[in-house]
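Data block below; observations after.
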There are 2 protein chains.
Amino acid sequence: MYIHLDFESDTPIYKQLMHQIIAGIAKQELKPGESLPSVRTMAADIGINLHTVNKTYHQLKEKGFILIHRQKGVVINPDGTPKADEIYMLQLKNALYPLVAESVCRGVKEEEFRQLCISLFQEFTQRKDRSK
Amino acid sequence: MYIHLDFESDTPIYKQLMHQIIAGIAKQELKPGESLPSVRTMAADIGINLHTVNKTYHQLKEKGFILIHRQKGVVINPDGTPKADEIYMLQLKNALYPLVAESVCRGVKEEEFRQLCISLFQEFTQRKDRSK
DNA sequence: CTATCTGTTATATGATATTTATAACAGATA
DNA sequence: TATCTGTTATAAATATCATATAACAGATAG
């Protein structure tokens, strides 16, 4: 899995890594049961410290995306990511709130906002070409 | 305008304040040309330091929501908030990206996500009752 | 048995972000 | 002149982010 980090970004790199792994799961590039590189390997691969990777992995574990076995290593949750519950939906709403507020101020129409979301959904859910 | 801060939140309070002012503008509770409390007054009202309010105001100025006059004080941009440009739309897309990714993993359907956005849009754009 | 692989823990350091506290300044205005 | 703006400067406390080294414990491959 290809990881790209922007060290100039104001988004901390442990979060960037987390987002990219989640995106990989969403795109099914990372499948349930699949192994992730060890904290040391991942850290070396992308040129950061192992503790930073460790932080990412633990947050992903906390959210139910992965399992961490002390010796076997890290695997994508074989049962898949836990389904959205009320708490998640509330948290999602709170995250969307300021984005929608600013968009309204800037005259972004509901339709335009919707289209943006749809295009993002498609980016994750569209079938990849496996025929080649 | 009523401001509520959560000091336990991991969202810094200067951002919480920023989001609430933007929400106020979106809801047209704060109208173009309207004054905002001085940094000192606002700080005293909500029980924080004036520099924290100052930081909020400057970020809002940077984004074009407000104007800051050295003596007159702070007013909501009389020309309204600048319209969304390509840069804003890209930034919005980048902000939505991880939210959509996680939602896809958790089985949130596009339709459900859309409904959530619509309900938020309505929260900001619905006409207030001015007949009473 | 030993070397090597896991994640884990501990300790330290440096940089940056957040928030507060005091104080003073400059310009407009009542 | 007193009071109101935002601004600037300095300091300090605290938290977050990221790195660096080192060691530990358990599983496993040779």
Side-chain angles (χ1 to χ4, degrees), chain A residues 1 3-22 30 33-78 95 98, chain B residues 1 3-22 30 33-78 95 98:
Chain A
M1 190 199 185
I3 300 290
H4 174 75
L5 299 178
D6 177 5
F7 292 92
E8 308 304 310
S9 168
D10 55 348
T11 304
I13 59 182
Y14 83 90
K15 261 188 195 169
Q16 291 183 43
L17 178 55
M18 187 172 72
H19 290 160
Q20 286 180 47
I21 291 173
I22 294 173
L30 296 173
E34 189 174 336
S35 284
L36 284 181
S38 76
V39 288
R40 287 178 181 81
T41 305
M42 175 68 92
D45 283 355
I46 59 184
I48 63 173
N49 190 274
L50 90 170
H51 291 110
T52 308
V53 176
N54 201 244
K55 189 169 182 178
T56 298
Y57 282 178
H58 273 88
Q59 301 231 342
L60 288 169
K61 177 193 170 195
E62 212 61 37
K63 287 164 163 279
F65 288 100
I66 64 174
L67 301 182
I68 301 178
H69 296 99
R70 192 170 180 128
Q71 280 83 25
K72 296 182 214 168
V74 176
V75 294
I76 307 297
N77 192 333
Chain B
M1 190 198 186
I3 301 289
H4 174 75
L5 300 178
D6 177 4
F7 292 92
E8 307 305 309
S9 168
D10 54 348
T11 304
I13 59 183
Y14 80 90
K15 264 188 193 166
Q16 291 183 43
L17 178 56
M18 188 171 71
H19 289 161
Q20 287 180 47
I21 292 172
I22 293 173
L30 296 173
E34 189 174 335
S35 285
L36 283 181
S38 75
V39 288
R40 288 178 181 82
T41 305
M42 175 68 92
D45 283 355
I46 59 185
I48 64 174
N49 191 275
L50 91 171
H51 290 110
T52 308
V53 176
N54 200 244
K55 190 170 181 176
T56 299
Y57 281 178
H58 273 88
Q59 300 230 343
L60 288 169
K61 177 193 169 194
E62 213 61 37
K63 288 163 164 276
F65 287 101
I66 65 173
L67 301 181
I68 301 179
H69 296 98
R70 192 169 180 130
Q71 280 82 26
K72 296 181 215 168
V74 175
V75 295
I76 307 296
N77 192 333

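Sequence lines set the chain letters: A, B, ... in the order given, protein chains first and strands last, and positions in each chain run from 1.
At the heavy-atom level, B:T11 lies nowhere under 4.0 Å from the strands shown. Residue B:T41 is classed as a sugar-phosphate contact, given heavy-atom separations below 4.0 Å to backbone atoms only. Note on B:Y57: nothing from the nucleic acid sits closer than 4.0 angstrom, heavy atoms only.
In terms of modelled atom types and a separation under 3.5 Å, the side chain of B:N77 and the main chain of B:F65 share no donor-acceptor contact. Using modelled atom types, no side-chain atom of A:Q59 and backbone atom of A:M18 make a donor-acceptor pair closer than 3.5 Å. Judged by distance alone, with hydrogens and angles left aside, the side-chain atoms of A:E34 form no donor-acceptor pair with the main-chain N or O of A:V75 at under 3.5 Å.
When the nucleotides C:dT18, C:dT8, C:dA23 are ranked by their closest atom to the side chain of A:N54, C:dT8 comes out on top. Distances from the side chain of A:V74 to the nucleotides D:dT5, C:dG7, D:dT19 place C:dG7 closest. Nearest nucleotide to the side chain of B:I68, out of D:dG6, D:dG26, C:dT19: D:dG6.
At the phosphate of C:dT22, neither OP1 nor OP2 sits under 4.0 Å from any side-chain N or O atom of B:H51. Considering only side-chain N and O atoms, A:T52 lies nowhere under 4.0 angstrom from the phosphate OP1 or OP2 of D:dA18.
Put simply, CG on A:L17 is 10 Å from P on D:dA18, counting in whole angstrom units. A:F7 places its CZ atom 12 Å from the C1' atom of D:dT19, with the value rounded to the nearest Å. A straight line from CD of A:Q71 to P of C:dT9 spans 12 Å, rounded to a whole angstrom. One can place CD of A:E8 at 16 Å from P of C:dA15, the figure rounded to the nearest angstrom. In this structure, B:H69 places its NE2 atom 16 Å from C1' of D:dT7, rounding to the nearest Å. When the P atom of C:dG7 is taken as reference, atom CE of A:M42 falls 11 Å away, rounded to whole Å. If you take CZ of A:R70 and P of D:dT28, they are 14 Å apart, rounded to a whole angstrom. Rounded to whole Å, the distance from NZ on B:K55 to P on D:dA9 is 17 Å.
Counting heavy atoms from C-beta on, the side chains of A:T56 and A:N54 never come closer than 4.5 Å.
Judged by distance alone with a 3.5 Å cut-off, a donor-acceptor contact links the side chain of B:R40 to the base of D:dT7.
Under the Watson-Crick or G-U wobble criterion, with both distances below 3.5 Å, C:dT20 is paired with D:dA11.
Evaluated for a side chain to side chain contact (heavy atoms under 4.5 Å, CB included) with A:I48, the options A:I46, A:D45, A:L50 yield exactly one hit, A:I46.
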